[in-house]
Amino acid sequence: MLAVQKVSRTFDNGYKAFKPVSFHTEQSEIVGILGTSGCGKSTLLRAIAGLDLGFDGEISFQEQSVRSGTEHTGVVFQEPRLMPWLTVIDNVVFGLKGNKQEKREKGARLLRAVGLKDTEKLYPRELSGGMAQRAAIARALVTNPQLLLLDEPFSALDAFTKMQLQELLIDLWETNHTSMLIVTHDIDEALFLCDRVLIFRDQPGVLFKDLKIDLQRPRERGSLEMAEYKREILQSLDLNHDVHVKSAI
Amino acid sequence: MTQTEVSHSPNKKSPGKKTTSSVNYIRSFAIGLIIPALLLIIWEVASRAGIFPQYLLPAPSAVISTLVALASSGELWTHVSSTLSRVLIGFFLGTIVAVVLGSFIGFFKPLERLFDPLLQALRSIPSLAWVPLFILWMGIAETSKVTLIAVGVFFPVYLNIVSGIQGVDRKLIEVGKVYNMSTASIITRIVLPASLPSFLVGLRSGLGLGWMFVVAAELMGASEGLGFLLTLGQNTSRPDTILASIILFAILGKATDAILKQLENRSLRWQDRYET
Ligand SMILES: Nc1ncnc2c1ncn2[C@@H]1O[C@H](COP(=O)(O)OP(=O)(O)O)[C@@H](O)[C@H]1O
Ligand SMILES: [Mg+2]
């Protein structure tokens with residue numbers, strides 16, 4: 001499926017966002033990219049999405065290089081990024097081509113799937129943050145992507161809405177089995193959603209650990225096994241690194 | 001999956017909200033009329049009592065009867081239509097040039113570096129300074145008048161288009177890129193709608209300047225039009241004619257602006273604005 005080979009990104013100003021990383025993901029897998037802020041997670045995701053082709057190395061999805069097109073990927077950003085002049089349904093079908101009637105039907109179906117049944121004719125300003133992000137998820141799924149990329153999709157939402165949307169994502173996955181790559185800095189979110197977590201750390205970032213999350217679905221938040229995984233992740237993130245350095249001085 | 005959020009959706013406007021707001025509107029409109037009405041009454045009374053001399057400040061009733069006389073002789077229509085057509089033609093010409101130039105310069109940064117210094121320099125010339133040159137080049141016929149108006153309309157429209165296009169959220173453009181849209185469809189489907197509010201602001205201030213410039217254009221020599229009426233009133237010592245003409249300018253300016261305002265409201269319904 002997704003193959004990332006020795007990919008790194010050096011910006012024009014000479015700054016390196018992350019050191020060469022390589023990993024593969026499997027069909028239908030939900031993979032988390034977890035790391036502290038500034039370690040290059042968004043930069044990596046933008047490269048995979050084909051939004052930033054200035055990277056070194058090679059990224060391919062189903063044997064096709066992202067440099068030659070990314071029509072099988074959908075993207076959900078941290079902000080909903082809905083077009084404020086379009087109604088919710090027109091936003092959802094924004095990336096679709098073809099017959100108007102078919103587009104409507106498909107958009108309406110996706111709105112139902114994300115729990116936004118009666119909002120077709122509303123404008124984005126009339127939506128709450130959670131509703132807007134639901135619409136953004138519907139927009140990303142409307143083209144039937146085989147890989148869904150999400151960059152901290154729920155980090156701007158309150159704790160309860162966040163949990164609802166995480167559950168929505170799992171519900172959607174259970175019907176479509178779309179592969180997903182989710183950037184997050186929320187360990188609980190990663191543990192609730194992901195089959196595998198890639199742990200990044202340091203600046204420039206390095207891929208420090210590839211951790212398989214062997215938990216049955218539906219997962220129970222706050223279970224003992226999860227707490228165990230969380231401890232392991234916290235240890236590898238080495239958040240106290242700076243503190244050690246300082247106390248040594 | 002939960003539906004709770006959806007049931008709280010704000011799409012149902014509370015019944016009666018519309019009627020309350022229109023009652024409020026009428027009320028505030030009526031309140032706004034109190035002072036002008038009082039002033040008119042005082043003016044009328046003072047004129048009749050001979051406090052204001054008729055040859056300097058005629059009574060409102062005298063101005064109205066001048067307007068009625070102009071209207072019944074058919075003269076009024078000639079003046080109004082020639083002024084209105086000058087403004088509209090100049091407005092459209094200025095807008096068209098501004099749209100073409102502004103779109104190109106807004107989209108292509110290098111063009112901005114090439115053109116912008118020149119346009120900024122031209123903008124700093126008070127537009128009335130062009131009058132003698134335009135008369136020299138094009139005579140005092142319609143062409144020079146319309147050109148002057150078009151120049152006045154051009155700048156606000158142009159500046160707003162450029163800043164509107166350049167201010168489009170890069171994040172929205174990225175959404176288009178995610179769907180592998182061509183540059184052309186990114187422009188038509190994202191950049192243009194996103195810069196529409198700014199364009200409409202430019203149109204309205206352009207129209208305002210158009211009205212200002214038509215006065216200047218007609219004062220510099222015309223055989224018909226509201227500006228001609230102004231000069232006529234001055235030369236024949238008829239302040240009622242001058243006042244009638246000023247009132248007509250006010251009405252026409254307000255009416256054309258209201259049309260644009262209506263257009264703005266209709267096409268910007270999606271905007272997150274404080275609604276009054
Ligand atoms: N266009 C850019 N030019 C220069 N530096 C950048 C650019 N984009 C991001 N960076 C830098 O790269 C690093 C990684 O950024 P980012 O990928 O956004 O981190 P994360 O998403 O993990 O928080 C940051 O230090 C950021 O300042
Ligand atoms: Mg980020």
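Residue numbering restarts at 1 for every chain, and letters A, B, ... go by the order of the sequence lines. Computed from heavy atoms alone, side chains included, the values below leave out hydrogens, waters and symmetry copies.
The closest side-chain donor-acceptor pair between Thr256(B) and Trp211(B) falls under 3.5 angstrom.
For Thr87(A), no part sits under 4.5 Å from any heavy atom of chain B, backbone or side chain. Using a 4.5 Å cut-off between heavy atoms, Phe94(A) touches chain B through backbone and side chain atoms alike. For Ile190(B), the parts lying under 4.5 angstrom from a heavy atom of chain A are both the backbone and the side chain. Residue contact with chain B, scored on non-hydrogen atoms closer than 4.5 Å, involves the backbone and the side chain of Arg139(A) alike. Contacts between Leu149(A) and chain B at a heavy-atom distance below 4.5 Å are absent for every atom of the residue.
Using a cutoff of 4.0 Å between basic side-chain nitrogens and carboxylate oxygens, Arg81(A) and Asp169(B) are not scored as salt-bridged.
Options Glu79(A), Lys97(A), Glu71(A) differ in how many heavy-atom pairs under 4.5 Å they form with chain B, and the most are formed by Glu79(A).
Tested against Phe154(A) for a side chain to side chain contact (heavy atoms under 4.5 Å, CB included), the candidates Leu168(A), Thr184(A), Thr161(A), Leu169(A) yield a single pass: Leu169(A).
A cation-pi arrangement is found for Arg221(A) relative to Phe192(A), the charged atom lying closer than 6.0 Å to the ring centre and inside a 45° cone about the ring normal.
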Item to check | Candidate pair Asp195(A) and Arg217(A), rule salt bridge (Lys or Arg N to Asp or Glu O under 4.0 Å), full reasoning | outcome: CA-CA 10 Å; Asp195(A) 300 311; Arg217(A) 292 187 202 280; 2.7 Å; yes
